[in-house]
Amino acid sequence: MKQQLSFFCLLFGIWTLASAQSILENEHGDPVTIRGNHIEPDWQYLRNEEAIIPAGDEIEGDYIGQIAFTADGTYVLVPHRQTDNISVIEWETGNFVADIPVGGSPVEVIVRDTMAVVPCFASNEAYLINLNDFSVAAVIPTGAQPTKARISRDGSTAAIACDEDDVLEVIDLATLTKQATIPGFTNYLYRFSFVTSSPRNTLYWSGFELSPDGSLAIVGGEDALQFFDTQTGDLVASIPEVTNAGQISLSGDGTHLVAASTGNEGQLSRIALETLSLVGQLSPSGSIITTYSAVAVNMDGTRAAVPGQSGVIYLGRFDQGDVMSISVTSSPNWIFSSADYQYAIGGQFYLNVIDFETGEIIGSSQGIPIQNGAVSPANNRLVTTDPLRYEGLDYYEFENPGSLNYLMRTPTGSPIEADASYSATLTPDLSRALIANSLSGSLSVINLAEETLEALVPFSSAETYFAEVSPDGAYAYVANRGEDQVEVVDLETFEIVQTVSSGGDRPDQIYALPGGEQAYVLNAGGVDRIGVLRQAGAATELETSFASGNTGISWINYGLRSNLAITEDGGYGVLATPFDDAVQIIDLEANEIVASVDLENFPLRTAISDEVPGIGRFAAVTLRNGEGIAIITPIGPNAGLLETYDI
């Protein structure tokens, strides 16, 4: 299935909740007429108000921020911008052990010894967390939109940069009080990503550093690298040769800084903290790109790794005065130093461990998307996350750096997750709604009479968009897009009773034949195919598959897909194939395309009328790019375009 990018509206700082209520045109309950038939409505089934029913457990973990390990590597702390909480997860088991409510939109967690600092973007606060018992030790008011935090290595000082006010709030960790507010401190949105199939997005801000004793705050200004006294707030030094350094990292021994400036003329700069002077500057052959991390630096700051375009990592070798290009197939979204500062670790679809000394890739893993992650300060262990596709963690260890081992995957909230509820399907008796949750890969079963979550069925991977119900209401069919499979769920036991091939690649929709034995799976990867299943509960099987036309998606409203409309007697299906500029008529008994009607302007959604005596059936097709509707008749081998209507 090809994809069409239609329109995106990005709103920063404004959250809008649109709530649609039922409005009864005849509020006094008088008889109404529908399709010419006089009926007496049964008003007890009309709510006239909205009901909000949770699709998962209460302890959710939505919109993952920047994560961190505790100092001993035992726990992982995960902030969630939407649910305003910090999940505490045991690394060894992946178990969810604590939930820490914090302020509005926590965007990252920074840890040193037994203290964690959490900037809360929406409530203009910094939460200080005591990691001995995961309690809130203090809440410090900050300037508008706090985004980045640092703790000095001696544990004396914390600092929080604020985007809107461009100030740095300095906190004395001995007294848990604010000691200074430094104005004119640069902080800005550094990287932003979003996905069109759900409302999720990720944000990352420009960084800064504190000197090991907390006396200096260092930030990359537009015209110079700047050094501020954290006691007085004074600008004490600047280096004009280092401009627009969006990310800065301390060397392992704390004697040097390395600053990265991105773009076609990007540079790596090495600064000696003792003299506050530039001691080395390197320019790679290509662009330095932004990441969801600072610079990966070795022990003494003579080596630094940053991502470049076109699948490379640049290793700046200040001791040799050059930049080494390391081919890594795909440029990493995230790069970090190992706990002992001997290795750089970077990941996107490929996770690599790179020896700072030799520039060699000594360990690698592939197959799991990575946007960002965290490396443990103790032991060679790490976690990664790709929160736009799955709100959870992937666990790795490299006790032997040459052997990078993948361990497991767990959600960052309750195991009973229902992230990014995407679609609803009603059972034939209208007693239940089946909610497909695309990010967590689960199916919520909602009891509509009691308005409660009756069950939640987890699947083996995310990207679960739609469910279909068998005509008798006994089973649900769910396309597992990531595994090219269809899961069959028993709606009495809520167990997966069968897993079958989808008959193609990347399935996401299933249509059950009304009153029949077949169900049809739309596969949208590679060459689009329709898989034909024999509906038989636990004995469901793939009968055959056949090639269809080139279906499509319009990504407005998180994805409007080509659908398969089926005639009431189950004889024919109508499928829009927008990238072929056509609508196909499919004989569902022969499993073959018997007619193709040419249509321009991205035909997308189809519907079929009732049988009209003496005329037959009509199909209506939306023209996504033409703001119109096409009418096709008859539904069969002789189908043709009747008329197109502007709307």
Side-chain angles (χ1 to χ4, degrees), residues 59-91 96-140 142 145-153 155 157-163 169 171 173 176 187 190 202-205 207-210 247 249 292-294 334 336 339 371-378 381-385 387 391-393 395 410-413:
I59 303 176
E60 288 274 14
D62 295 340
Y63 289 78
I64 293 175
Q66 303 304 309
I67 59 185
F69 274 88
T70 54
D72 61 2
T74 300
Y75 300 105
V76 183
L77 306 179
V78 186
H80 298 107
R81 287 166 39 217
Q82 184 72 7
T83 45
D84 300 339
N85 65 321
I86 308 295
S87 293
V88 182
I89 297 172
E90 187 178 50
W91 184 87
F96 179 88
V97 299
D99 177 65
I100 308 172
V102 293
S105 296
V107 292
E108 77 169 12
V109 177
I110 295 296
V111 172
R112 177 69 59 182
D113 299 327
T114 61
M115 182 65 68
V117 178
V118 183
C120 296
F121 180 85
S123 59
N124 302 330
E125 300 167 312
Y127 272 65
L128 308 185
I129 309 296
N130 184 335
L131 297 179
N132 290 317
D133 57 6
F134 304 123
S135 63
V136 177
V139 180
I140 308 296
T142 69
Q145 298 181 348
T147 65
K148 297 296 291 185
R150 287 291 181 266
I151 301 175
S152 61
R153 290 190 176 179
T157 306
I160 298 97
C162 302
D163 183 355
E169 306 285 18
I171 299 169
L173 291 180
L176 303 183
N187 184 239
Y190 190 69
T202 50
L203 308 167
Y204 191 73
W205 277 266
F208 68 97
E209 267 295 357
L210 292 176
Q247 297 299 337
S249 293
Y292 285 91
S293 61
W334 166 80
F336 217 82
Q371 186 182 90
N372 55 62
V375 176
S376 171
R381 54 181 59 168
L382 61 101
V383 291
T384 66
T385 181
E391 285 180 327
L393 301 178
Y395 299 72
T410 67
T412 58

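From a predicted model like this one, the values you see are computed outputs, not experimental measurements.
Leu393 places none of its side-chain heavy atoms less than 4.5 Å from the side chain of Trp91. Put simply, the side chain of Pro146 reaches to within 4.5 Å of the side chain of Asn124, judged on heavy atoms. Counting heavy atoms from C-beta on, the side chains of Leu176 and Met115 come closer than 4.5 Å.
Partners of Thr83 according to the side chain to side chain contact (heavy atoms under 4.5 Å, CB included) rule, which considers only residues two or more places apart in sequence or in another chain, are Glu60, Asp62, His80, Asn85. Under the rule for a side-chain hydrogen bond (donor to acceptor under 3.5 Å, both in side chains), Gln247 has no partner lying at least two apart in sequence or in another chain. Residues meeting the ring pair (Phe, Tyr, Trp, His ring centres under 6.0 Å) test with Tyr127, sequence neighbours left out: none. Here Ser293 pairs with Thr291, Trp334, Ile335 under the side chain to side chain contact (heavy atoms under 4.5 Å, CB included) rule; sequence neighbours left out. Residues satisfying the side chain to side chain contact (heavy atoms under 4.5 Å, CB included) criterion with Arg112, sequence neighbours excluded, are Ile151, Arg153. For Ala149, the side chain to side chain contact (heavy atoms under 4.5 Å, CB included) criterion is met by Glu108, Ile110, Val117, Pro119, Ile160, not counting sequence neighbours. Under the side-chain hydrogen bond (donor to acceptor under 3.5 Å, both in side chains) criterion, Ser376 pairs with no residue, sequence neighbours left out. For Asn187, the side-chain hydrogen bond (donor to acceptor under 3.5 Å, both in side chains) criterion is met by Thr147, not counting sequence neighbours. Listed by chain and number, the residues in a ring pair (Phe, Tyr, Trp, His ring centres under 6.0 Å) with Tyr292 are Tyr204 (sequence neighbours excluded). In this structure Thr114 satisfies the side-chain hydrogen bond (donor to acceptor under 3.5 Å, both in side chains) test with no other residue, sequence neighbours excluded.
With Val88 as the fixed residue, the side-chain contact (heavy atoms from CB on, under 4.5 Å) test singles out one of Ile129, Val97, Val76, Thr74: Val97. Results of the side-chain contact (heavy atoms from CB on, under 4.5 Å) test with Phe69 over Val383, Val375, Leu77, Val111 single out Val383 as the only residue that passes. The only option from Thr202, Thr384, Thr385 that meets the side chain to side chain donor-acceptor pair (under 3.5 Å) definition with Gln371 turns out to be Thr202.
Judged by distance alone, with hydrogens and angles left aside, the side-chain atoms of Thr70 form a donor-acceptor pair with the main-chain N or O of Tyr75 at under 3.5 Å. Although no hydrogens or angles enter the test, the distance criterion places a donor-acceptor pair under 3.5 Å between the side chain of Ser87 and the main chain of Thr412. Although no hydrogens or angles enter the test, the distance criterion places no donor-acceptor pair under 3.5 Å between the side chain of Asp84 and the main chain of Val102.
For the residue pair Ser105 and Tyr63, no side-chain donor N or O sits within less than 3.5 Å of a side-chain acceptor on the partner.
Here Ile171 contributes atom CD1 and Leu128 contributes atom CG; the two are 5.0 Å apart, rounded to the nearest 0.5 Å. Separating the CD atom in Glu125 from the CD1 atom in Ile140 is a distance of 10.0 Å, to the nearest 0.5 Å. Distance OG/Ser152 to CD/Glu209: 10.5 Å, rounded to 0.5 Å. In this structure, CZ on Phe336 lies 7.5 Å from OG on Ser249, to the nearest 0.5 angstrom. In this structure, CZ on Phe208 lies 8.5 Å from NZ on Lys148, to the nearest 0.5 angstrom.
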**Request:** Any chance you could lay out the side-chain contact (heavy atoms from CB on, under 4.5 Å) test for Thr410 and Phe96, step after step, and finish with the verdict?
**Result:** CA-CA 9 Å; Thr410 67; Phe96 179 88; over 6 Å; no
**Request:** Verify side-chain contact (heavy atoms from CB on, under 4.5 Å) between Val107 and Gln66, making sure each step is shown before the conclusion.
**Result:** CA-CA 6 Å; Val107 292; Gln66 303 304 309; over 6 Å; no
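The minimum heavy-atom distance linking Leu173 with Gly155 is given by the pair CD1-O, 3.5 Å. The two residues Glu391 and Gly61 make their nearest non-hydrogen contact at OE1-O, 3.4 Å. Shortest non-hydrogen contact noted between Pro387 and Ile64 is CB-CB, 3.9 Å. The minimum heavy-atom distance linking Ala71 with Ala378 is given by the pair O-CB, 3.7 Å. Heavy atoms only, all atoms of each residue included: Tyr190 and Trp205 are closest at CB-C, 3.5 Å. For the pair Ile86 and Pro106, the tightest heavy-atom approach, listed with the atom from each and the gap, is CD1-CB, 4.3 Å.
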